[in-house]
Amino acid sequence: MSDKRGTVVPHRARRLVDLTGSPDLTRTLLGTTVTGMERSAQRLGRALVVVVDDRVAQGEQEDNIGPLVTELLEEAGFIVDGTVAVAGETVDIRNALNTAVIGGVDVVITVGGTGVSPRDVTPDATAGVLDRPVPGIAEALRASGLAAGAVEAGVSRGLVGVSGSTLVVNLAGSRASVRDGMATLTPLVAHVIEQLSGLEPA
């Protein structure tokens, strides 16, 4: 996926969906798979789901988290461009996030890789993408997770912040964490998107 210096190795890249919907702007990500191009009437904006899971990314296990996040986002009024599965590698996660930001989605939700094991590098990869952290939302997600008994959410190192005009949110990987996290996040997202919509293009 990368050499020892972290340089992208082009021949390992697979072509994925064009997040902007423009055929001349097709993007590539390293070691990823894409599923579920969902379309619905736009209300809040566009979203992308990034599932960080080695076995899902390698096709060894079915993704049962991405569809749940997609369902919750659509219930909240988002168009979900798709679900991207990536391995727990910093380069892969960062590429997925950067592609989402370049593609102009309003929100990108990552799921998984937020704990303390050596393979839990989602927050570390995310930190390199964010322009401005929004720590209050991240703390709210942890607090509500603990209160709801979603231990993974309570001990998550997940970050929330803004990259360009895109809100980036790290959620822990359990279904309980996702359900509680989305319930906490949804009322806040509209306010953040409204503020970001006033930003001038870079």
Side-chain angles (χ1 to χ4, degrees), residues 16-21 29 32-88 92-93 96-97 99-101 103-115 122-123 126 134 137-138 140-154 156 158-161 166-194 196:
L16 296 181
V17 60
D18 171 17
L19 298 178
T20 67
L29 301 177
T32 63
T33 59
V34 170
T35 61
M37 296 300 295
E38 299 292 335
R39 288 287 183 263
S40 62
Q42 181 171 358
R43 285 176 283 171
L44 281 180
R46 293 170 51 222
L48 182 79
V49 180
V50 178
V51 175
V52 182
D53 187 295
D54 292 338
R55 289 175 294 179
V56 172
Q58 295 164 7
E60 298 174 357
Q61 178 176 300
E62 184 179 356
D63 174 22
N64 62 2
I65 290 290
L68 173 60
V69 183
T70 295
E71 177 185 349
L72 295 172
L73 282 167
E74 290 181 338
E75 287 178 358
F78 283 93
I79 296 171
V80 180
D81 282 7
T83 299
V84 179
V86 299
D92 291 6
I93 298 166
L97 293 175
T99 299
V101 172
V105 300
D106 298 285
V107 179
V108 55
I109 307 287
T110 73
V111 186
T114 65
T122 301
T126 301
V134 186
I137 297 179
L141 293 172
R142 278 185 275 276
S144 64
L146 279 176
V151 177
E152 296 87 349
S156 169
L159 302 179
V160 177
T166 299
L167 180 66
V168 181
V169 180
N170 297 155
L171 294 181
S174 71
R175 293 179 69 86
S177 298
V178 166
R179 288 190 180 279
D180 180 77
M182 289 300 298
T184 301
L185 181 66
T186 297
L188 303 172
V189 170
H191 176 69
V192 175
I193 289 178
E194 182 180 358
L196 292 176

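Just so you know, these numbers use all the heavy atoms, side chains as well, and skip hydrogens, waters and symmetry mates. Predicted model only: the values in this text are computed from it and were never measured.
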- Task: If a pair satisfies salt bridge (Lys or Arg N to Asp or Glu O under 4.0 Å) and one of its residues is in residues 49-62, list it, with sequence neighbours excluded.
- Result: Asp54-Arg119

- Item | All pairs passing salt bridge (Lys or Arg N to Asp or Glu O under 4.0 Å) where residues 170-185 contributes a residue, at least two apart |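 Listed by first then second residue: nothing to list.
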
Locate the shortest heavy-atom distance separating [X] from [Y]; write the atom from each residue and the value.
X      : Y      : result
Ala47  : Leu73  : CB-CD1, 3.9 Å
Leu44  : Ala190 : CD2-CB, 3.9 Å
Ser177 : Glu152 : OG-CB, 3.6 Å
Gly158 : Ala138 : O-CB, 3.7 Å

- Please list all pairs passing the side-chain hydrogen bond (donor to acceptor under 3.5 Å, both in side chains) test where one or both residues lie in residues 181-192, with sequence neighbours left out. Ser144-Thr184

- Item | Ala176: partners by side-chain contact (heavy atoms from CB on, under 4.5 Å), with sequence neighbours left out | Ala150, Ser174

Can you tell me how far the [atom1] atom of [X] sits from the [atom2] atom of [Y], to the nearest 0.5 Å?
X      : Y      : atom1 : atom2 : result
Leu48  : Ile79  : CG    : CD1   : 13.0 Å
Phe78  : Ile109 : CZ    : CD1   : 7.5 Å
Leu171 : Leu185 : CG    : CG    : 7.0 Å
Ile137 : Arg142 : CD1   : CZ    : 11.5 Å
Leu97  : Asp92  : CG    : CG    : 11.0 Å

- Query: Under the 3.5 angstrom rule, does the side chain of Thr122 hit a backbone N or O of Thr114 as a donor-acceptor pair?
  - Reply: no

- Might you work through the side-chain contact (heavy atoms from CB on, under 4.5 Å) test for Val134 and Leu188, ending with a clear yes or no? CA-CA 11 Å; Val134 186; Leu188 303 172; over 6 Å; no

- Taken in chain and number order and not counting sequence neighbours, the residues that satisfy side-chain hydrogen bond (donor to acceptor under 3.5 Å, both in side chains) with Thr110 are Asn170

- Query: Can you name the residues that form a side-chain hydrogen bond (donor to acceptor under 3.5 Å, both in side chains) with Thr166, not counting sequence neighbours?
  - Reply: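 Not a single residue meets the side-chain hydrogen bond (donor to acceptor under 3.5 Å, both in side chains) criterion with Thr166.
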
- Message: Determine whether Val160 and Leu167 satisfy the following criterion, side-chain contact (heavy atoms from CB on, under 4.5 Å), listing intermediate values before the conclusion.
- Response: CA-CA 7 Å; Val160 177; Leu167 180 66; 3.9 Å; yes

- Side chains of Val169 and Leu141: closer than 4.5 Å at any heavy-atom pair? yes

- When you look at Val80 and Glu71, which way does the side-chain contact (heavy atoms from CB on, under 4.5 Å) test go after all the steps? CA-CA 9 Å; Val80 180; Glu71 177 185 349; over 6 Å; no

- Query: Can you tell which of Val108, Thr70, Val105 makes a side chain to side chain contact (heavy atoms under 4.5 Å, CB included) with Asp81?
  - Reply: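 The single option meeting the side chain to side chain contact (heavy atoms under 4.5 Å, CB included) with Asp81 is Val105.
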
